Protein chains: 2
Amino acid sequence: MSTTKVRGTPVTAAGAAATAATAEADLFHALDRIDRAILRQLQTDASISNVALAAKVKLSAPACLRRVERLKESGLIRGVVALIDPKAAGAGMLVIIGVVLDRSMPESFAEFEKAAQKVAGCMECHVVTGEFDYFMTIRTRDSDSFNRLHAEQLLYLPGVRQIRSFMVLKEILSTTKFPL
Amino acid sequence: MSTTKVRGTPVTAAGAAATAATAEADLFHALDRIDRAILRQLQTDASISNVALAAKVKLSAPACLRRVERLKESGLIRGVVALIDPKAAGAGMLVIIGVVLDRSMPESFAEFEKAAQKVAGCMECHVVTGEFDYFMTIRTRDSDSFNRLHAEQLLYLPGVRQIRSFMVLKEILSTTKFPL
DNA sequence: CTTGAAATACTACTACG
DNA sequence: CGTAGTAGTATTTCAAG
């Protein structure tokens, strides 16, 4: 059977699936001071070598490496990625979009979600409470290319009744790092 | 003088500052097929070793490493970070917030922006067009902790006239990767 | 169950063609 | 850009707390 563990608490795959919510909370509370220091560092800069990381958290290299691998296997670290500068990569425009679906066809929600993920440059898509059904954020080259995307794709996503676009004029903060 | 280059095009610091917008566009257009393959891979998984990356893009290891370093120095790669699973890390709740400022005090915008970045769990903060002045996204533990944050901090951010909260019920898509 | 020391295998990095 | 060599790192093994 496939098993994974964090800080000495073994968790079977079946057990994790049965009590997903509490298992995730326990995952977090099982972290000690050193694990959090590791996560804080890797959230800021994961290109650091393992020996340097080990020195920072005052641990030997093998012990440090084992913890990092455990954090990856447990799913707490979803992955290690390079962050690209959007402007430099030719996607300097960001638009936040509020979407209202046609409520008379409830089956269209699944269709919409499937289609929305395939929109080029779609970075986020969330179901929300309030006057909108979904919020999406889309990165695109400029207002021309967004206008094309809007006219050719967004308006024709399945089940869409209304779309409101909020163009981002200035990005104050955009981070992947949250407090531990 | 400090200089950096991408694909053979030298760019002085002064020149880059003077023509920032076009320089960034050129940065992107100077990328060849191999650079884009490297970026696509590193956006998906940057924990790959350099030799494995080199094999994927059909290049020798040193040549591949030189390109990666050039992409970092040019600023196109802003950094390499570990992505943490928010639910597993005890921040399973996501709220999108639309903020309207008091327009009678235009100097409060700078104050608001400075304060907003310090809000615990604030992941994004953007100036937008439309009925709101700012959109923020905030990660927090649960509705209780968000309610506390809302009552104790958000309402008292400098210059705030109105705040509308959109609670995220389901995260359909959340990525840091965009098409190249 | 976790840690740290030593040994091995692999990788990053440099110099050169 | 590639080849070859060196330095440093990751990774395994093992003994000890």
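Computed over heavy atoms, backbone and side chain alike; hydrogens, waters and symmetry mates excluded. These numbers were taken from a predicted model, which means no experiment stands behind them. Naming: A, B, ... by sequence-line order, numbering from 1 per chain.
In this structure, B:K58 atom NZ and D:dC1 atom C1' are separated by 17 Å, rounded to whole Å. Atom C1' of nucleotide D:dA10 and atom CD1 of A:I48 are separated by 14 Å, given to the nearest angstrom. Rounded to whole Å, atom P of D:dA10 lies 14 Å from atom CG of A:L59. The interatomic distance linking A:L53 (CG) with D:dT11 (P) rounds to 13 Å, in whole Å. Going from atom CG of B:L65 over to atom P of C:dT14 covers 8 Å, rounded to whole Å. A straight line from CD1 of A:I34 to C1' of C:dT3 spans 10 Å, rounded to a whole angstrom.
For B:R67 and D:dC1, the shortest distance from a side-chain N or O to OP1 or OP2 is below 4.0 Å.
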Can you name the atoms? Protein N/O to nucleotides 5-11 of chain C N/O, anything below 3.5 Å, with the distance.
none

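Relative ring orientation between B:F135 and A:F135 is described as perpendicular, the plane-to-plane angle rising above 60° on a 0-90° scale split at 30° and 60°.
Residues passing the side-chain contact (heavy atoms from CB on, under 4.5 Å) test with B:V51 are B:S49, B:A61, sequence neighbours excluded.
Summarising the geometry, atom CZ belonging to B:F166 is positioned 10.0 Å from atom CD1 belonging to B:I97; distances are rounded to the nearest 0.5 Å.
Checked for salt-bridge contact, A:R139 and A:E171 meet the test: a charged N lies under 4.0 Å from a carboxylate O.
Residues A:V100 and B:L169 are members of separate hydrophobic clusters, defined by side-chain heavy-atom contacts under 4.5 angstrom among Ile, Leu, Val, Met, Phe, Trp and Tyr.
In this structure, B:V119 and B:L149 have side chains that are in contact, with non-hydrogen atoms separated by less than 4.5 Å.
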